[in-house]
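Since the structure comes first, as structure tokens, the remarks are kept for the end.
Being a predicted model, the structure only gives us computed values, none of them experimental. The first residue in the sequence is number 1, and the count goes up from there.
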Amino acid sequence: MKYIPSHMTMVIIILAMLLLILFIDHLTPIGIADTFLYVTPILISLWLPWRGFIYLVAAISSLFTIIGYYLSPEGADTSIALIHRGESLFIIWLTAILCALLIQKRLLNQAIINTAVDGIITINSGGIIQTFNHAAQDIFGYSAEEVIGHNVSTLMPSPYHEEHDQYIKNYLDTGQKKIIGIGREVTGLRKDGSTFPLDLSVGEYYFGEEQHFVGILRDITARKKIQENITIRTNQLAALTSLSEQLLSNLPFEELMNKIAYAIANTLGMEYVKILELLPDQKNLLFHVGIGWPHTMIKGKTIPVESDSMLAYTLQTDQPVVVYNLKTDPRFKDTPLLSSNGIVSCVSISIGERNRPFGILCACKDREYVFDDNEISFIKSVANLLGIAINRKQTEIRIRDLQQKMLSMSRINTIGELGTALAHELNQPVTALMNYVNACRRIFDTSKVNISNNVVELMDKIVAQANRVSLIINHLRDYVNTGVLHRYPENLNTVIQDAGRLIMAEAIDKNIRVKYDLQSDLPPVFIDKIQIQQVVFNLLHNSMRALEQSIKRELTIKTAQSPGQAIEVLIQDTGPGIDPGIFDLDFKNIFSTDEHGMGIGLSICKSIIEGHEGLLWTSVTPGGGATVHFTIPIVKAGNNIHA
């Protein structure tokens, strides 16, 4: 490396030269034109970036020229000496002015270079740095004094560091351009040893006979990071889109869980992923699906939710729980299960809402790792999809159970109502039979016809058995009419919506539009939920059968609080309506508007509603169709929840 003197060193050298020239002038006879030597320190002042300093040197030189006139020993003619001194002063100031103009131009060029937002570096044909602007200093972390005079390979990592000089030599020998005038992305080396991407364009110029190169470079770390984030986010969105499509395609639950776990592992590069489902006891988690875990841990294993564990902490918050190091995190104790499997960093998210969690999703690393916002956002979005999937599964299970209960209740109600109706109808022929047998016996008693005792005994047995049948029928009717309802305070809107889900598939198949107009914030009602759902189901089914022959197929379910501390439910259809004569019926007798129906449904509905102290009636739907109404009393303070 060549030595580069500092500005202060140059100032001292220039002042020393001025004194030396004055001393030489003092020893030289007056006729010798040695004052031209003062041009030398002025020219050397070009090294310094101070235009005023050149004028200062010129002024000192002029002063020393005059002083030297008086100090020099006598020699030539005085007039010739004065002419020489005048010429010297002229040359001194002409040189100073020209040098000042050169410095001004150089300072202007330097200002342009130093204010450029891109780094600018110039090197000679040997690869030695000549200039290094401010932007380059900011980019690489070096000051200009630290790198000027060094090989430019100092700013390059291996293997470019070792190969750069050969690149220059090859170009000088062959003239074949590989980067000059083209530009490309390269890797730079900062003072702290870190590497980073650069956009570099290289040009060449000549200074005299020597060839030089100028490089213009820009740190593209931020741009590359943005591009990388865009690529990562695009991949994450593609994964979410694919998972959403699979969720909508009714993929089997277990298969969907596996796809979600693998999507997290592949998209984020996680070594471990697990999906835990919260069991109904709210105290244990089922290890549903796992990536990276031993197979013995996954199939059907449960994990207790300990109060001071990360799992419990996760279930108690709506926010992602991000852990940098499990062993040092003060929020919860280290879990041996995680430590034994090499887990160090992880993100744990509660699936579902805080007041109704479905489980926990965890993505883990086997080393200390800082999760960025994109990764956390992606995991949170996947947790939302999991919440939908688990909620759908639980809803399907609940609806299947509800269907089974309603089917069972429907059978019980139908049998009970049928038994009541049969009891009512069979009592008459049984009574008539007993009357006929008794009449026959009276005739035999009053007539002169001889009758065998066996015949009389048989007639008595017939009457006894008929009485027995009558007693059985009456007991059955009394049991059905006095059956016990299991009633609890319920949200009627929720009960209606659950019943409506049971007929939704049929409505879609028949192209029937079902609308809900449910008043919010209704007070609770005191009902047997299964019985009321059976009522709603029967009424909706009847309306849908009526709509099969209509062009306009709309079914509306409304709820509203009515005067008299009751909630009224309206089921309106746009079908052909009900015969006006039927509006006056009380639904206690079995009848049907469907030629294929048994006529039991409305009677069942009537009995259930009246058992709840409510009313059931019909009316005409405005615009055409029929409306069935029923009311349920509102729960009053102090009611016992069992009836």
Side-chain angles (χ1 to χ4, degrees), residues 355-356 391 394-410 412-413 483-507 512-544 554-573 587 601-619 621 625-643:
N355 57 352
R356 192 192 174 193
N391 185 39
Q394 294 181 354
T395 300
E396 289 172 352
I397 293 174
R398 189 172 69 251
I399 288 177
R400 283 198 298 269
D401 292 343
L402 182 60
Q403 286 175 328
Q404 291 297 325
K405 290 179 181 179
M406 291 188 65
L407 182 60
S408 176
M409 184 60 66
S410 177
I412 294 172
N413 285 335
V484 176
L485 295 173
H486 301 283
R487 298 166 63 184
Y488 300 91
E490 301 283 355
N491 184 316
L492 189 55
N493 285 343
T494 301
V495 173
I496 290 172
Q497 288 172 330
D498 287 342
R501 292 190 185 98
L502 301 177
I503 56 94
M504 190 55 64
E506 183 179 356
I512 296 174
R513 181 185 179 191
V514 179
K515 298 188 297 184
Y516 290 88
D517 183 10
L518 308 178
Q519 180 179 327
S520 60
D521 302 326
L522 288 175
V525 289
F526 198 56
I527 60 172
D528 184 325
K529 179 173 68 174
I530 301 300
Q531 294 275 18
I532 295 302
Q533 286 175 342
Q534 183 65 41
V535 170
V536 176
F537 178 85
N538 284 343
L539 296 179
L540 291 174
H541 183 72
N542 288 344
S543 295
M544 290 175 61
E554 291 184 358
L555 185 58
T556 303
I557 308 168
K558 298 182 179 180
T559 58
Q561 186 170 351
S562 63
Q565 296 298 311
I567 296 175
E568 182 179 352
V569 180
L570 298 86
I571 299 177
Q572 299 177 329
D573 63 58
F587 301 124
L602 290 176
S603 178
I604 293 174
C605 294
K606 181 71 173 180
S607 297
I608 293 174
I609 295 302
E610 288 184 346
H612 287 80
E613 296 88 36
L615 300 174
L616 175 67
W617 73 97
T618 61
S619 67
T621 300
T627 300
V628 180
H629 310 249
F630 69 85
T631 58
I632 299 293
I634 296 170
V635 172
K636 297 180 181 179
N639 276 350
N640 191 338
I641 64 171
H642 298 285

(message) With side chain to side chain contact (heavy atoms under 4.5 Å, CB included) as the test, pick out the partner of I571 among L540, T556, V535.
(response) L540
(message) Strictly distance-based, threshold 3.5 Å: is any side-chain N or O of D573 a donor or acceptor partner for the main-chain N or O of A626?
(response) yes
Got [X] and [Y] here, is their nearest side-chain heavy-atom distance under 4.5 Å?
X    : Y    : value
H541 : E506 : yes
V536 : F630 : yes
I632 : I609 : yes

Check [X] against [Y] and note the closest heavy-atom contact, atom names and distance.
X    : Y    : value
M504 : Y516 : CE-OH, 4.4 Å
S543 : L555 : CB-CD1, 3.6 Å
S619 : H629 : OG-NE2, 2.6 Å
P489 : P524 : CB-CB, 4.4 Å
Q561 : I634 : NE2-CD1, 3.5 Å
Q533 : A499 : O-CB, 3.9 Å

(message) Under 3.5 Å, is there a donor on one side chain and an acceptor on the other for N538 and Q534?
(response) yes
(message) Just to verify, what does Q519 make a side-chain hydrogen bond (donor to acceptor under 3.5 Å, both in side chains) with, not counting sequence neighbours?
(response) none
Atom [atom1] of [X] and atom [atom2] of [Y]: how far apart are they, to the nearest 0.5 Å?
X    : Y    : atom1 : atom2 : result
N493 : L522 : CG    : CG    : 5.0 Å
L539 : I503 : CG    : CD1   : 11.5 Å
E490 : I532 : CD    : CD1   : 10.5 Å
N391 : E396 : CG    : CD    : 10.0 Å
M544 : I512 : CE    : CD1   : 4.0 Å
Q572 : K558 : CD    : NZ    : 4.5 Å

(message) Applying side chain to side chain contact (heavy atoms under 4.5 Å, CB included), can you list everything that pairs with L615, at least two apart in sequence or on another chain?
(response) W617, T631
(request) Begin from the C-alpha positions of N491 and V525 and carry the test side chain to side chain contact (heavy atoms under 4.5 Å, CB included) through to its verdict. (result) CA-CA 7 Å; N491 184 316; V525 289; over 6 Å; no
(request) Quick one: do R487 and D528 satisfy side chain to side chain contact (heavy atoms under 4.5 Å, CB included)? Show the steps, please. (result) CA-CA 4 Å; R487 298 166 63 184; D528 184 325; 4.2 Å; yes
(request) Decide side chain to side chain contact (heavy atoms under 4.5 Å, CB included) for T494 and K529; before the verdict, give the C-alpha distance in whole Å, the side-chain angles of both, and the deciding distance to 0.1 Å. (result) CA-CA 10 Å; T494 301; K529 179 173 68 174; over 6 Å; no
